Amino acid sequence: MTGSVTVVGLGPGDPRYLTPAAAAALDAAQDLVGYVPYVARVPERPGLVRHASDNRVEVDRARHALELAAAGRRVAVVSGGDPGVFAMAAAVFEALEAGDPAWRALPITVEPGITAMLAAAARAGAPLGGDFCAISLSDNLKPWEVITARLSAVLVADLVVALYNPISRARPWQLGAALALAAEHRAPDTPVILARAVGRPDETIRVLPLAEAGAAEADMATLVMIGASATRLIPREGQAPFVYTPRSVAR
Ligand code: SAH
C-alpha cells in the first residue's frame, strides 16, 4: 500500500472545533507525528503508533513523517490551530524540498484548522472586520530586528495585529517591547485583546486599553490582538465589552 502524509490542524482545543475532514484524517492514520501536547490531544486507539517529540525539532519531525510515508505508512502530522499558521505544514514542505526527490510523488495533504487568531476574534466580537495581519513574536527562527521592522510597518499601515508566540520563559521581554512600539503608533485607549487558552477549560478573554496592557498579562498560551485606530468597544453592563472593527473606512 502507498503511504501518505496528512498535515492536520486540531483547532484551538475544543474537540467541537475539529473539522470533520481533520477527524477523518486522524481516523485513517497509522502513525501520529507531532509535538507532545498536540499528539496527546488525539485519543489512543489500537493500530495508531504515536511519535511525540519536543517543540524545537520541527524539520526533523517532518522528515521522519516523510520517511514513514515513503516506507508505506499512512501518517498524520498534527498541529494545534491551523497547521499552516506558524506550524508543521511549512516544516513538512521544507523537509520535502530538501529531501529525497522520490518523496515528491507521495500524496501530501493539508487539512486546515481554526487558528488561534480566528477563535480569539470570535470570542471578542469582530475585531478582524477590517484589514489585519498576523506576526509571530518568536525570535527563535528569525532575528528580532526583522520582527520589529515588520511590526512597525503594519502599525504605520493601521492594520489590526495578531501576535502569536507573545512570550515564553526563554523570551520574557519581547511582548513588552512590542506593546511599547505599538504605543508609539496607537492611542492609549486602543483595545488590546488577550485571549488565553481559547477553547480549553481554562480559557480567559480580557480586553484592556493599550496603556494598561503589559507582558505580565500574557503567557505562551495567549494570543494578543492589538486593535487598529478604527477598532471600537461596545461596553455592556456586567459583561465584557464587544470589540469590533468596522468594515468601512472613510473615503
Ligand atoms: N498553528 C497554531 C499556532 C502555533 S504558534 C494556530 O494556528 O493557532 C503557538 C501560539 O499560538 C501560542 O503561543 C499562542 O500565541 C497561539 N495559540 C495557540 N493555541 C491557542 C489557544 N487555544 N488560545 C490562544 N492562543 C493560542
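All values below were derived from every heavy atom in this structure, side-chain atoms included, with hydrogens, water molecules and symmetry-related copies excluded. Whatever order the structure lists them in is the order used to number ligands and atoms, beginning at 1. Remember, it's a predicted structure, so these values are computed and weren't measured experimentally. Residues: numbered from 1 along the sequence shown.
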(message) Does the structure place the NZ or CZ of Arg236 under 6.0 Å from the centre of the six-membered ring of Phe242, at an angle of no more than 45° from the ring's axis?
(response) yes
(message) Can you confirm whether Phe86 is buried at CZ, in the sense that more than 12 heavy atoms of other residues, nucleotides or ligands lie under 6.0 Å from that atom?
(response) yes
(message) Can you tell me if Arg247 has over 12 outside heavy atoms packed within less than 6.0 Å of its CZ?
(response) no
(request) Look at Arg16 together with Asp14 and state whether they make a salt bridge at an N to O cut-off of under 4.0 Å. (result) yes
(message) Quick one, Val154 and Cys133 - any side-chain contact, counting heavy atoms below 4.5 Å?
(response) yes
(message) Heavy-atom contacts with ligand 1 below 4.0 Å: which residues, ordered by chain and residue number?
(response) Pro12, Gly80, Gly81, Asp82, Val85, Phe86, Ala87, Thr115, Ala116, Tyr164, Asn165, Pro166, Ala195, Ala197, Val198, Arg200, Met220, Ala221, Thr222, Leu223
(message) Salt bridge check, Asp31 against Arg50: does any charged N sit closer than 4.0 Å to a carboxylate O?
(response) no
